[in-house]
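The analysis underlying the following values was restricted to heavy atoms, covering all of them including side chains, and did not include hydrogens, waters or symmetry mates. Below, chain A is the first sequence line, B the second, and so on; all start at residue 1. Computed from a predicted model, the values in this text were never measured in an experiment.
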There are 2 protein chains.
Amino acid sequence: MDSQGRHLYFALFNEIGIIAQLSRAAFEARLPPGITVPHFSVLNHLVRLGDGRTPLAIARAFQAPKTSMTHTLAGLEARGLIAMRPNPKDKRSKCVWLTEQGRRFRDEAIGRLEPDLAALARQLPPERLADLVPRLAEIRAILDAARDEPA
Amino acid sequence: MDSQGRHLYFALFNEIGIIAQLSRAAFEARLPPGITVPHFSVLNHLVRLGDGRTPLAIARAFQAPKTSMTHTLAGLEARGLIAMRPNPKDKRSKCVWLTEQGRRFRDEAIGRLEPDLAALARQLPPERLADLVPRLAEIRAILDAARDEPA
DNA sequence: ACCAACTAGTGCGATATCGTACTAATGTCA
DNA sequence: TGACATTAGTACGATATCGCACTAGTTGGT
């Protein structure tokens, strides 16, 4: 591959890395101190797709290492936003349940993000980026599949 | 904004976050231990656009906080890949210069990344994603502009 | 029923990220 | 020129990320 072709991929991942960084910082600026994007994302995930899932299942949904998820869940539990209960089907495992505070927290967080999302939507109308999500998902799937393959 | 509209933006930034994470991990797996993507990116930046820049200029090019850049540059200097010299135009400031090892290191790193890039290019031909880069750059610019604005 | 291979979760350690606060130097404006 | 605001870089501290290695529990083949 020549320098031109290489540069396209570098540029792509560079933009993606910067957007991830900037969007994360913007999100966290609207969340209470100590609450990170992963914290919120997990709450949101559980509200949208249902709670009672295992830590590993949640980690996989975010393509995140399970050790990172342990840490994120510990933070949520310490703040009373989730409760971890033993998994009756597998004694090694646990199930993650939302608490009342957890649900309320997620709703309030979304309320606080609303003005920024609205401002963003004004500059970037949904229809202008709707096709982006499936295309990015395709790239994500390719990278994810390549993860445990031979060199 | 309703739940549907919100979800589109959440999905977008979620995909971007995951891609950033996966691509970063894949990159770093091909770099020597202790060398991170930011390390490589800075070397690559200096080779492509010229060295002798100040730390702050480099930080801005990556939309990164200057404290993070201090840390990244310290790592590169400790490994002998760059040299920091005083800036003759401003005694507060410094200039970052590539060493011979730095240039060689960057070339070798690209060589090690080559097989993965080629494999990626097979699954994601350049023409299928060429339009993605400017569209992401637009999003990046919007987020960057929103950074220091009032709530 | 047994034992080996595997799996879920976590403790630990190394390192990255980045905000705050500081120092030294520069710019500005009267 | 003097005083004040601004800027470049860094030290420091708090926290996030994540690989390795370990424990407890499960599974599958015999």
Legend entry - Base dG19(D) paired with Thr67(A) side chain (donor-acceptor, <3.5 Å): yes
Inset, instruction - Would you mind reporting whether Asp144(A) and Leu22(B) have side-chain heavy atoms less than 4.5 Å apart? - result: yes
Inset, instruction - Write down the distance between NZ (Lys89(A)) and C1' (dA8(C)), rounded to a whole number of angstrom. - result: 17 Å
Legend entry - His7(A) side chain near Val133(B) side chain, heavy-atom distance below 4.5 Å: no
Legend entry - Per His71(A) side chain, nearest of listed nucleotides dT17(D), dT26(D), dT10(C): dT17(D)
Legend entry - dG9(C) phosphate, OP1 or OP2, under 4.0 Å from Thr70(A) side-chain N/O: no
Inset, instruction - State, yes or no, whether a side-chain contact exists between Arg85(B) and Lys94(B) at a heavy-atom distance under 4.5 Å. - result: no
Legend entry - Gap between atoms CE and C1', on Met69(B) and dA8(D) respectively (whole Å): 14 Å
Legend entry - Short N-O contact, Glu138(A) and Arg128(B), less than 4.0 angstrom: yes
Inset, instruction - Tell me which of Met84(B) and Ile35(A) sits closer to the 5' end of DNA chain D, going by the nucleotide each one is nearest to. - result: Met84(B)
Inset, instruction - Would you check if Phe10(A) and Leu117(B) make a side-chain contact, meaning some heavy-atom pair closer than 4.5 Å? - result: yes
Legend entry - Whole angstrom value for the distance that separates C1' of dT7(D) from NZ of Lys66(B): 7 Å
Inset, instruction - Calculate the interatomic distance between Arg79(A) atom CZ and dA16(D) atom C1'; express it in whole Å. - result: 12 Å
Legend entry - Residues, nucleotides or ligands: over 12 heavy atoms within 6.0 Å of Glu100(B) CD: no
Legend entry - Check: dG25(D) base within 3.5 Å donor-acceptor of Lys91(A) side chain: no
Inset, instruction - Classify the nucleic acid contact of Asn87(B) as base, sugar-phosphate or nothing, counting any heavy atom under 4.0 Å across all strands shown. - result: nothing
Inset, instruction - Please list residues of residues 36-59 of chain A whose heavy atoms come under 4.0 Å from any atom in DNA chain D, ordered by number; otherwise none. - result: Thr36(A), Pro38(A), His39(A)
Legend entry - Within-4.5 Å side-chain heavy-atom neighbours: Met84(A) and Pro55(A): yes
Inset, instruction - Would you check if there is a donor-acceptor pair between the side chains of His39(A) and Thr36(A) at a distance under 3.5 Å? - result: yes
Inset, instruction - Run the salt-bridge test on Arg24(A) and Glu28(A) with the 4.0 Å N-O cut-off and return the result as yes or no. - result: yes
Inset, instruction - May I have the distance from Leu31(A) (atom CG) to dT15(D) (atom P), rounded to whole angstrom? - result: 16 Å
Legend entry - Interface residues of residues 18-28 of chain B with DNA chain D (non-hydrogen, below 4.0 angstrom): Gln21(B)
Inset, instruction - Take the protein atom CG of Leu73(A) and the nucleotide atom C1' of dA8(C), then report the distance between them rounded to whole Å. - result: 13 Å
Inset, instruction - Tell whether Arg92(B) reaches the base of dT7(D) with its side chain through a donor-acceptor pair below 3.5 angstrom. - result: yes
Inset, instruction - Scan Ser68(A) against the nucleic acid and name what it touches under 4.0 Å (heavy atoms): base, sugar-phosphate only, or nothing. - result: base
Legend entry - Side-chain donor/acceptor of Arg79(A) to backbone N/O of Gly75(A), under 3.5 Å: yes
Inset, instruction - Measure distances between side-chain N and O atoms of Lys94(A) and base N and O atoms of dG9(C), and say whether any donor-acceptor pair falls under 3.5 Å. - result: no
Legend entry - Relative orientation of the end axes in the helix from dA1(C)-dT30(D) to dA30(C)-dT1(D), expressed as an angle to the nearest 10° (five pairs per end): 30°
Inset, instruction - For residues Tyr9(B) and Phe27(A), establish whether the separation of their ring centroids is below 6.0 Å. - result: no
Inset, instruction - Give one of base, sugar-phosphate or nothing for Gly75(B), where a contact means two heavy atoms less than 4.0 Å apart. - result: nothing
Legend entry - Test: Arg135(A) and Asp131(B) ion pair at under 4.0 Å: yes
